[in-house]
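Source: prediction; values computed, not measured. Just so it is clear: chains get the letters A, B, ... in the order the sequence lines come, proteins before strands, and each one is counted from 1.
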Amino acid sequence: MKSQLQALLEQALASLSASLGRDVPFPAGLQIDAAKDPRHGDFATNLALIAAKGLGQPPRAVAQALLEHLPASSLIAKAEIAGPGFINFFLAPGAFQSVVSRVLEQGADYGCDRSGALGKVMVEFVSANPTGPMHVGHGRGAAYGDSLASILAVTGWTVHREYYINDAGRQVDILTVSVWIRYLQARGVELPFPQRGYPADYIRLTADRLVREHGDALRRDATSLVATLQAEPPAAGDVDDKTKAAIKARQESAMDELIEQSRAALGTDYAVVRSAALADQLAAIRATLDAFGVRFDQWYSEQSLVDSGFARTAIDRLRTAGHVYEQDGATWLRTTTFGDEKDRVLFKADGAATYFANDLAYHVDKLDRGYPVLLDVWGADHHGYIARVRAAIEALTGRKDALRVQLMQFVTLSSGRMGKRSGNFVTLQDLISEAGKDATRFFYLLRSHDQHLEFDIELARSQSNDNPVFYVQYAHARICSVFRQAAERGQSFDIGALAGSLHRLVEPQEKLLLTLMQKYPETLNAAARQYAPHLLAFYLRELADALHSCYNAHKFLVDDAELQSARLGLVAATRQVLANGLGLLGVSAPESM
RNA sequence: GCGCCCGUAGCUCAGUUGGAUAGAGCAUCGGCCUUCUAAGCCGAGGGUCGCAGGUUCGACUCCUGCCGGGCGCGCCA
């Protein structure tokens, strides 16, 4: 509809400049917007305002001249000048009514472009470390990434969803040692738990499994471990930051010793404990994501990059390109060439790869797999990391724009009774169990991702009218109920008779529904372009709002058969758009509530 | 100290990339069920868009400087 208006405006300006005997180029910055206020018509354009300078006339005079040169169109019922020089268009009723037929014909495809014509995009999200359960922060990334991927997939992109498993770093060794010490304790060995280990109960579950499956086979002499643990400084009390940092450093180095001692003691069995620990954590994460309705096309292991040798290969490419150098025994990438504030270490002095080195290789691999656009969803605390990854990609490809990181701002819990002690945090699984998948996902998506989110657990959990997800779902259920009532009366909705009845949709509440449905495709496109699924969530609330208003103002099942046909068509289309939108957000559209 | 994000109604947040009288939910107040689901609807009150300058026909939006909050500045991941 906008494009038709734009075509008319282009003709008007061309005609106007011809009549003036001048060649006026079409100015940049044209806007054709849906009017907020019905008194301003249906659409408004700023063309006269932006063309005024080029024509050397005041905006209102330009607007008047444009109207005189505007070609006649059945689309437009009326056009008038307002304010500083806006042109307001009042569209003919038929221009809106036809959306009903369009929605019902296209069904689940309405507003969608599944052609994949825009190319391939890799969406990497969640990627939570497999060292513990997902918390509410991960949930936000999961809801955002999944919905965004869905939206991109129906707006012309070919989408691949991927989870990067950080299964190669030191934190996995800490996990392994934590499990093994719990195992030893379960077998009656007396030893304290490390300060920097993972103390929570889920560690014990794996330890118990090892006991069941391996009995005493993983038991070793723990003398050296005990010595290390006893020498470890206890948790820092109320001390100054400098002292706290020193204590932490000593605890960390104790942890490193424990890792080495565990490796030495367990030998090849270290891998048994390690893989059991990883498998259990990943299984828990998968189960939670499954309950959350989030699926990935691929789970990509960091360790597999190391094992295959690609982690080194990718860096060799950078070396060949001349961006790698040695200093202080370490290997560095000259990221400052590409705007990073300092160069970054790839291989530490001890020869071990940094997390950055593997992550860099991972991104190169994604490009190699044929994805020119890499959309990464990260926590806001990783923002300092963007420059170096982008620098590495630019060093190899010359492209600055391949990596598009979306940062998720932090989630805080407002419920007030959240314990802060370790092991007592709210997991995503808890949230889903208590509030349900639908309420939880909708809650997350009702905020822009670059905004701090205060998660009101009590509200999400409430099965009351306060919960925003019900408002939208209720609109869908209500429409379903109308059709059930019609069926009980022996009446059916005939799509064939629809087109001839649509002219009966003239009430303001009906007009609003038509306008909103007509806006759905551009809402999807805006959400995709801005990587902003919340635009869709807000749109759906607006659509539900219009439905509820219409429901209360008018009856749909009426004696006048033609009017009933028109109104049933209207709400059937509304139901379709609600279902389409909710589906993209991963929220169900119930037929009754 | 440097960098990134943020500051909008009592609370939680939108604001279509510079447009017309800044919106919604919750909370408060007043109405609406004999009829398609009241998890709903209709109405009212509530604002110096952190502060001060600048850019222009026009600024919540863009620029500069302050004030306030969050996060980040490892040969950690």
Side-chain angles (χ1 to χ4, degrees), chain A residues 29 31 33-37 39-40 44 46 49-50 52-53 58-60 82-86 88 129 131 166 168-172 174 252 302 327-332 341-342 344-352 354-356 358-359 379-387 407 409-410 412 414 446-448 450-456 459 463-471 473-475 477-486 488-489 519 522-523 526-527 529-530 532 534-535 537-539 541-542 544-545 547-558 567-568 571 592-593:
Chain A
Q31 287 177 4
D33 292 322
K36 290 175 206 158
D37 188 332
R39 285 171 302 180
H40 296 146
N46 64 345
L49 294 169
I50 56 177
K53 198 166 276 179
R60 284 192 68 106
F86 290 102
N88 292 335
N129 280 348
T131 53
N166 296 127
R170 176 172 178 266
Q171 82 282 357
V172 179
I174 298 175
E252 293 289 1
E302 178 185 1
Q327 186 178 309
D328 303 332
T331 304
W332 299 71
E341 57 190 21
K342 55 173 146 179
R344 306 294 174 175
V345 172
L346 294 169
F347 298 109
K348 298 179 247 183
D350 66 6
T354 59
Y355 174 82
F356 171 54
N358 289 347
D359 201 28
D381 53 335
H382 285 70
H383 70 77
Y385 195 73
I386 298 173
L407 293 176
Q409 291 300 321
F410 275 28
T412 52
S414 71
L446 226 34
R447 300 281 177 274
S448 172
D450 55 14
Q451 195 73 228
H452 291 255
L453 167 64
E454 184 164 325
F455 201 108
D456 188 332
L459 185 51
Q463 300 291 312
S464 76
N465 44 356
D466 296 343
N467 196 321
V469 74
F470 294 140
Y471 187 78
Q473 292 182 315
Y474 184 45
R478 262 185 154 176
I479 297 171
C480 291
S481 175
V482 169
F483 281 92
R484 280 194 296 273
Q485 289 287 326
E488 276 174 28
R489 296 180 191 186
K519 251 177 72 177
E522 66 191 74
T523 302
R529 219 175 331 107
Q530 298 175 46
H534 79 277
L535 294 178
F538 275 88
Y539 168 86
R541 218 172 52 176
E542 215 180 329
D545 188 23
L547 185 278
H548 289 309
S549 291
C550 193
Y551 185 96
N552 277 273
H554 308 290
K555 287 185 66 74
F556 305 140
L557 301 176
V558 292
R567 287 187 172 163
L568 285 181
V571 296
S592 65
M593 289 175 69

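If you check every strand for non-hydrogen atoms under 4.0 Å, A:L535 touches sugar and phosphate atoms only. Looking at heavy-atom distances under 4.0 Å, A:F556 makes contact with a base. A:T331 comes within contact range of no nucleotide atom at all, as no heavy-atom separation falls under 4.0 Å. Within 4.0 Å (heavy atoms only), A:A477 reaches at least one base atom of the nucleic acid. Within 4.0 Å (heavy atoms only), A:S481 reaches at least one base atom of the nucleic acid. Residue-level contact check: A:A44 touches the bases, meaning some heavy atom is under 4.0 Å from a base atom.
The gap from the P atom of B:U55 to that of B:A59 amounts to 12 Å, rounded to the nearest Å. Comparing the P positions of B:G1 and B:C60 gives a spacing of 31 Å, expressed to the nearest Å. Of the P atoms belonging to B:C4 and B:C41, the separation is 43 Å, rounded to the nearest Å.
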Quick one: what's the B/S/- string for nucleotides 71-77 of chain B, heavy-atom cutoff under 4.0 Å, read 5' to 3'? BSSSBSB
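For the OP1/OP2 pair of B:A14 and a distance below 4.0 Å, the side-chain nitrogens and oxygens of A:R541 include no atom meeting the criterion. Between A:Q409 and B:C6 there is no side-chain N or O to OP1 or OP2 distance below 4.0 Å. For B:C41, one of the phosphate oxygens OP1 or OP2 lies less than 4.0 angstrom from a side-chain nitrogen or oxygen of A:Y471. A close approach under 4.0 Å does not occur between any side-chain nitrogen or oxygen of A:Q451 and OP1 or OP2 of B:U12.
Of the listed nucleotides (B:G15, B:C41, B:C36), B:G15 has the atom at the smallest distance from the side chain of A:H534. Checking B:A24, B:A20, B:A14 against every side-chain atom of A:N88, the shortest atom distance belongs to B:A20.
Taking the six-membered ring where tryptophan is involved, the planes of A:Y385 and A:F356 are perpendicular, since the angle between them exceeds 60° and thus also 30°.
Among all heavy-atom pairs drawn from A:S592 and A:A477, the shortest one is CA-CB, 3.8 Å.
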When Watson-Crick pairs (N1 to N3 and N6-O4 or O6-N4) and G-U wobble pairs (N1-O2 and O6-N3) count only below 3.5 Å on both distances, what is the dot-bracket string of RNA chain B, with | for other-strand pairs? (((((((..((((.....[...)))).(((((.......))))).....(((((..]....))))))))))))....
